[in-house]
Amino acid sequence: MRTQVGIVGAGPAGLMLSLLLQREGISSVVLESRSRAYVEQRVRAGLLEQWARDLLIEIGAGERLQREGLVHDGIRLSCGGALHHIDFRRLVGRIVTIYDQKEVVKDLIALLLDRGGQILFEAEATALDGLGGSSSVIAFRHGGETRALACDVVAGCDGFHGISRPAIPDGVLTVYERGYPFGWLGILSESPPASDELIYAYHERGFALFSMRAPSLSRLYLQCDPDEDPARWPDARIFDELRARLGGSCALAEGRVLQKSVTPMRSVVVEPMQHGRLFLAGDSAHIQPPTGAKGMNLAFADVVFLSRALALHYRHGRTDALDAYSRTCLDRVWKAQRFSWFMTQLLHRFPDETAFDRRRQLADIAYLAGSVAASTALAENYSGLPLE
Ligand code: FAS
Ligand code: PHB
C-alpha cells in the first residue's frame with residue numbers, strides 16, 4: 001500500500017487529521033488496531049471547547065452534535081455548601097458542549113468513510129521504518145498477515161500507549177512528567193444530572209465532579225486512591241460519597257450504574273513532538289489530568305496545526321511550518337498542562353498537604369467566586385484558548 005500520510009490510530013486525532021488532509025487533497029490511510037465497534041463504544045472524554053465544536057461543524061461532522069450535544073454557558077464550583085457559577089458566555093463570550101468522545105469518534109468515522117477515506121480496523125502498526133530517510137514504511141498486522149504501508153510522512157496518533165513515541169530513538173526526546181497521588185473513580189449512571197451544568201466540588205473528603213451525557217444520563221467522578229479497585233465501591237457507597245462531597249448544594253438522583261472505572265492522573269509532555277518524518281499528535285505526545293477537560297481538544301489542536309503544515313509542504317514545497325510543528329503545538333500544550341494542573345491542585349486533597357495548603361485552596365476558590373479577573377482567566381482557559 002502507498003499513501004502520502006500514514007496515520008496510526010483512529011482516535012479523535014487520527015480521524016480529524018485524515019479529514020483535514022482530505023480537504024487539502026492530501027491522501028492518507030488510518031491504521032487502527034481495534035475494531036470499529038470497540039473504538040465506537042469506548043467511554044472517555046465528554047467536553048468540547050467552543051472552537052473544537054466549531055471545527056466539527058465546519059468539517060461536516062456537526063449534525064448530531066448540534067442536535068444532541070448539551071450546550072453549557074459555564075460550570076459551577078461547589079465549596080462549603082455554596083455553588084459559584086463561572087459564566088463563560090458572559091465573561092468571554094464562549095460556550096462549551098457536552099458530547100461524549102465516543103459519539104465524536106462515531107461521527108468522524110462515518111464522515112471519513114462516506115467521503116471515501118481509508119480506515120483499516122483491526123490493523124495494528126508494529127514498526128515504523130525510514131523515519132530519517134526519503135520515505136517511511138509502517139509495518140502492520142491485518143487479517144493475519146504482515147503488511148506494509150509506504151508513506152511520505154507518519155502521523156503518530158496512537159495515544160499514550162501506542163508505538164509511535166517509542167519509535168523515536170533514545171536520547172532524542174525530553175520527557176516532562178509529574179504524577180498525582182490520586183485517581184478518579186468514574187461512573188456512568190442512568191439518572192438525571194444533579195445540575196444543568198457541570199459541578200466541580202471541593203470537599204474535605206475529596207474532589208467530586210458531576211457531569212452528564214444526556215438529560216437521563218449522568219457522568220460522575222470521585223477522587224480516590226490511584227490504585228483503587230472499583231469492585232470495592234458498590235453503587236450505594238458511590239452515591240453516598242458523591243452526596244457527601246456535593247455538600248447539600250443540590251440534589252443527586254441515583255440510577256443504574258452502566259460503567260465503573262478508575263482513571264490514574266498523570267501529566268506528561270514529550271519534546272520535541274516530531275522526529276524526521278514522524279509527527280506525534282494527541283495523547284501520543286502529551287497527557288494531563290482530566291480536571292481541565294483538555295484531552296480531546298488538545299488532540300484536535302495538534303492535527304489542525306499538522307494539517308496546515310502538510311498543506312504548505314505539498315502545495316508550495318515549504319517545510320518551515322513542518323519544521324515549526326512541535327514548537328507551535330507545545331505553546332498550546334503547555335498552557336493546557338498549566339490549566340489542568342491549576343484545576344487539579346485547586347480542587348483535590350493531597351496526602352502531604354498542610355493546613356496552610358487547605359486555607360490557600362479555600363482562598364483561591366473565594367477569589368474565583370468574587371473576582372471578574374480571576375473567573376475570566378478560568379473561563380478563557382476552560383472554554384478554549386484561540387488556536388492562533
Ligand atoms: P486515543 O487514545 O483516543 O486514540 C489512539 C488510537 O490509536 C486508539 O484507538 C488505539 O486503539 C489506537 N492505537 C494504539 N496503538 C496502535 C497501533 N500500534 N496500531 C494502530 N492503532 C493503535 N480527556 C478529557 O478531556 N476528559 C476526560 O474525562 C477524559 N477521560 C479519559 C478516560 C480514560 C480512561 C482515558 C484513557 C483518557 C481520557 N481522556 C479524557 C483523555 C482522552 O480523551 C484523550 O485525550 C483522547 O482520547 C486523545 O485522543 P487521541 O490522541 O486520538 O488518542
Ligand atoms: C466528562 O464529562 O467526562 C468530563 C467533563 C469535564 C472534565 C472531565 C470529564 O473536566
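The chain is numbered in sequence order, starting from 1. Each ligand, and each atom within it, is numbered from 1 in the order the structure gives.
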**Prompt:** With backbone taken as N, CA, C and O and side chain as the heavy atoms from C-beta onward, which portion of Ala123 lies under 4.0 Å from ligand 1: side chain, backbone, both, or neither?
**Reply:** backbone
**Request:** Give the contacting part of Ser284 toward ligand 1: side chain, backbone, both or neither, where contact means a heavy-atom distance below 4.0 Å.
**Result:** neither
**Prompt:** Relative to the heavy atoms of Lys294, which atoms of ligand 1 are at a distance of less than 4.0 Å?
**Reply:** 25 (O)
**Message:** If you measure every N or O of Pro290 against every N or O of ligand 2, does any of those distances drop under 3.5 Å?
**Reply:** yes
**Residue selection (non-hydrogen contact nearest atom 43 (O) of ligand 1) among His142, Arg219, Gln101, Arg44** = Gln101
**Asked** Looking at ligand 2, does any of its N/O atoms fall within less than 3.5 Å of an N/O of Tyr382?
**Response** no
**Request:** For ligand 2, indicate whether the residue Leu198 contacts it via side chain, backbone, both or neither (heavy-atom separation under 4.0 Å).
**Result:** side chain
**Asked** With a 4.0 Å cut-off, strictly under, does atom 39 (N) of ligand 1 pick up any protein heavy atom?
**Response** no
**Message:** When you measure from the heavy atoms of Met343 to every atom of ligand 2, does any distance fall below 4.0 Å?
**Reply:** no
**Message:** So, 4.0 Å and heavy atoms of Tyr221: is ligand 1 close enough to count as a contact?
**Reply:** yes
**Asked** Taking the six-membered ring for Trp, are the ring centroids of Phe182 and His348 within less than 6.0 Å of each other?
**Response** yes
**Asked** Is ligand 1 under 4.0 Å from a heavy atom in the side chain of Val8, in the backbone, in both, or in neither?
**Response** side chain
